[in-house]
S.K.: 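There's a structure below that I have some questions on.
Every chain is numbered from 1 and lettered A, B, ... according to where its sequence line falls, protein lines coming before strand lines. None of these values were measured; they are calculated from a predicted model.
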There are 2 protein chains.
Amino acid sequence: MARSSDPTRTRILTAASRLFYAEGIRAVSVDAVAENAGITKKTLYYHFRSKDDLVAAYLAARDQPNLVLFKRWFDEAEGALPDKVAAIFRHLAKAARHPKWRGCGFLRTTAELANLPGHPAIKIGAAHKKKFEAWLQATFAEAGIESAGELARQMLLLLDGSFAVVLLHRDASYMETAGEAARALVQAALPRRMRAAPQRSR
Amino acid sequence: MARSSDPTRTRILTAASRLFYAEGIRAVSVDAVAENAGITKKTLYYHFRSKDDLVAAYLAARDQPNLVLFKRWFDEAEGALPDKVAAIFRHLAKAARHPKWRGCGFLRTTAELANLPGHPAIKIGAAHKKKFEAWLQATFAEAGIESAGELARQMLLLLDGSFAVVLLHRDASYMETAGEAARALVQAALPRRMRAAPQRSR
DNA sequence: CGAGGTATATTCACTGGTCAGTATACATCG
DNA sequence: CGATGTATACTGACCAGTGAATATACCTCG
């Protein structure tokens, strides 16, 4: 059976990831993925039952690395809670300025497959976002924020909103605007005793 | 010359709109649009130079109606500015609960065509969102808000974020969360003298 | 008025190419 | 030997766009 560490499987997944993220799902043929991975299509179909399977695997492979990255940006940021949240947006804005940036793979896949509501890739995308939201909520709750759940949802809305808007306008400054809005909302939600003098950035 | 009121052209555009919104761009063939419009493919190509042209026309046709609708929701809402902004989200949440709702056509098209940065449809989508943002900014400025520009951008982020998140989770309650965040941000931005007692909704 | 022409609008049938997925066979290795 | 993995070559469906012909409406000039 093909293990997840299987080198051929990994090669396929790497190629699929690069192409699906860069071009979109329906724009990329299975032939193109196989060629890019340096194998034949039949070999690809030996490792993945169908293209839909491959798409789901592409997103599944991005789940953990993405979450880990976000958490690291948060953990390594200086300052109080609002600053640490804003740091995520700051790092994202930097990434969004790279010419190969194409928004959030999870959201773009969902948008493209919106006519197939039960598609496994969409479920993986939804689960990914839920995990991120749950982590935020827990972080906020630990900080003594009463409305941790609502605040986490607001952060998610700003985050995913900035993915969409920045992709549309190709203007990463929206991501910084989102970061400032996030900072303000977190600041306002902090319990009074923990609230430092609100420092307007810039 | 084919006028915009041309009945055949309108039929094509109606069919294209329905199909592209429901299924996505690349998932819908030109044949499918033609059949749905009750004409032959060649007739479609008489009225539109290419599929890309048709896609652009589909979005262009949605531009004004969408803006008008949003403005009407705002104008007809009771209450002060924060409530009027929140009303847009409330109406949108209601729309999002309809089974045929598939998010924002502009954003989904942009996401799907993200590998074609100069595509005319993307330009139309970007212009549409800019118009909405400009209208919001003007409205906020008239209300005496100093940071009208930044606030308008924040509203856009929340709005487009809720399109993305609600489409992903198929849970329209995120749109109400976005509305509450929008209300809070507008409330906080109002000049003191105009600020009524902030009323937490619910 | 009316015959002939011209631009508009539409149809059927087709092309060259791509797509997801498969049948069959060959190889490698424990 | 036989399980795992890979390759060549194929299938039937679909796709964007086109060629050639036809119908309709209007306009010009005898």
S.K.: Rounded to whole Å, how long is the line connecting atom CD of Glu35(B) with atom P of dA16(D)?
M.R.: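 The answer, rounded to whole Å, is 13 Å.
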S.K.: To the nearest angstrom, how far is Phe48(A) atom CZ from dT6(D) atom P?
M.R.: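 To the nearest whole Å, that distance equals 12 Å.
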S.K.: Grab the two heavy atoms, one from Leu190(B) and one from Ala143(B), that are nearest each other, plus how far apart they are.
M.R.: CD2-O, 4.5 Å
S.K.: Atom OH of Tyr46(A) to atom P of dC26(C): distance rounded to whole Å?
M.R.: 19 Å
S.K.: At under 4.0 Å, does any side-chain N or O of His47(A) touch on OP1 or OP2 of dT4(D)?
M.R.: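 Negative; the distance criterion is not met.
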S.K.: Go through the structure and list residues passing side chain to side chain donor-acceptor pair (under 3.5 Å) with Asn115(A), not counting sequence neighbours.
M.R.: Arg26(A), Glu23(B)
S.K.: Which ones in residues 11-20 of chain B lie close to DNA chain D, meaning a heavy atom under 4.0 Å from one of its atoms?
M.R.: none
S.K.: Please assess Trp101(A) against Leu167(A) for the test side chain to side chain contact (heavy atoms under 4.5 Å, CB included), listing each intermediate value before the final yes or no.
M.R.: CA-CA 9 Å; Trp101(A) 185 86; Leu167(A) 186 65; 4.2 Å; yes
S.K.: Can you pull the side chain to side chain donor-acceptor pair (under 3.5 Å) pairs that have at least one residue in residues 88-98 of chain A, sequence neighbours excluded?
M.R.: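 Passing the test, one end in residues 88-98 of chain A: Arg97(A)-Glu176(A).
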S.K.: Does Thr43(B) have a side-chain nitrogen or oxygen under 4.0 Å from the phosphate oxygens OP1 or OP2 of dT10(C)?
M.R.: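 Answer no for this pair, as no side-chain N or O of Thr43(B) is under 4.0 Å from OP1 or OP2.
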S.K.: Whole angstroms only, please: what is the CD1-P distance between Ile39(B) and dT22(D)?
M.R.: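 From Ile39(B) CD1 to dT22(D) P: 21 Å.
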S.K.: Please tabulate, for side-chain N and O atoms in residues 154-166 of chain A, each donor-acceptor pair with protein atoms closer than 3.5 Å (sequence neighbours left out).
M.R.:
| from | atom 1 | to | atom 2 | distance (Å) |
| --- | --- | --- | --- | --- |
| Asp160(A) | OD1 | Lys129(A) | NZ | 2.8 |
| Ser162(A) | OG | Leu158(A) | O | 3.1 |
| Ser162(A) | OG | Leu159(A) | O | 2.7 |

S.K.: Side chains of residues 60-81 of chain A: which donor-acceptor pairs under 3.5 Å do they make with residues two or more places apart or in other chains?
M.R.:
| from | atom 1 | to | atom 2 | distance (Å) |
| --- | --- | --- | --- | --- |
| Arg62(A) | NE | Ser17(A) | OG | 3.4 |
| Asp63(A) | OD1 | His128(A) | ND1 | 2.7 |
| Asp63(A) | OD2 | Lys131(A) | NZ | 2.4 |

S.K.: Considering only nitrogen or oxygen atoms on both sides, find all protein atoms under 3.5 Å from nucleotides 20-24 of chain C and state each distance.
M.R.:
| from | atom 1 | to | atom 2 | distance (Å) |
| --- | --- | --- | --- | --- |
| dA20(C) | OP1 | Lys51(A) | NZ | 2.7 |
| dA20(C) | OP2 | Val30(A) | N | 2.8 |
| dA20(C) | N7 | Lys41(A) | NZ | 3.1 |
| dG21(C) | OP2 | Tyr45(A) | OH | 2.8 |
| dG21(C) | OP2 | Lys51(A) | N | 3.0 |
| dG21(C) | N7 | Lys41(A) | NZ | 2.8 |
| dG21(C) | O6 | Lys41(A) | NZ | 2.4 |

S.K.: Do the side-chain N and O atoms of Asp52(A) and Ser50(A) include a donor-acceptor pair separated by under 3.5 angstrom?
M.R.: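 There is no such pair (donor and acceptor under 3.5 Å, judged by atom type) between the side chains of Asp52(A) and Ser50(A).
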S.K.: Atom CE of Met175(B) and atom CG of Leu92(B): how far apart are they, to the nearest 0.5 Å?
M.R.: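 Nearest 0.5 Å value for the CE-CG distance: 4.0 Å.
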S.K.: Under 4.0 Å between a side-chain N or O of Thr8(B) and OP1 or OP2 of dT10(C)?
M.R.: yes
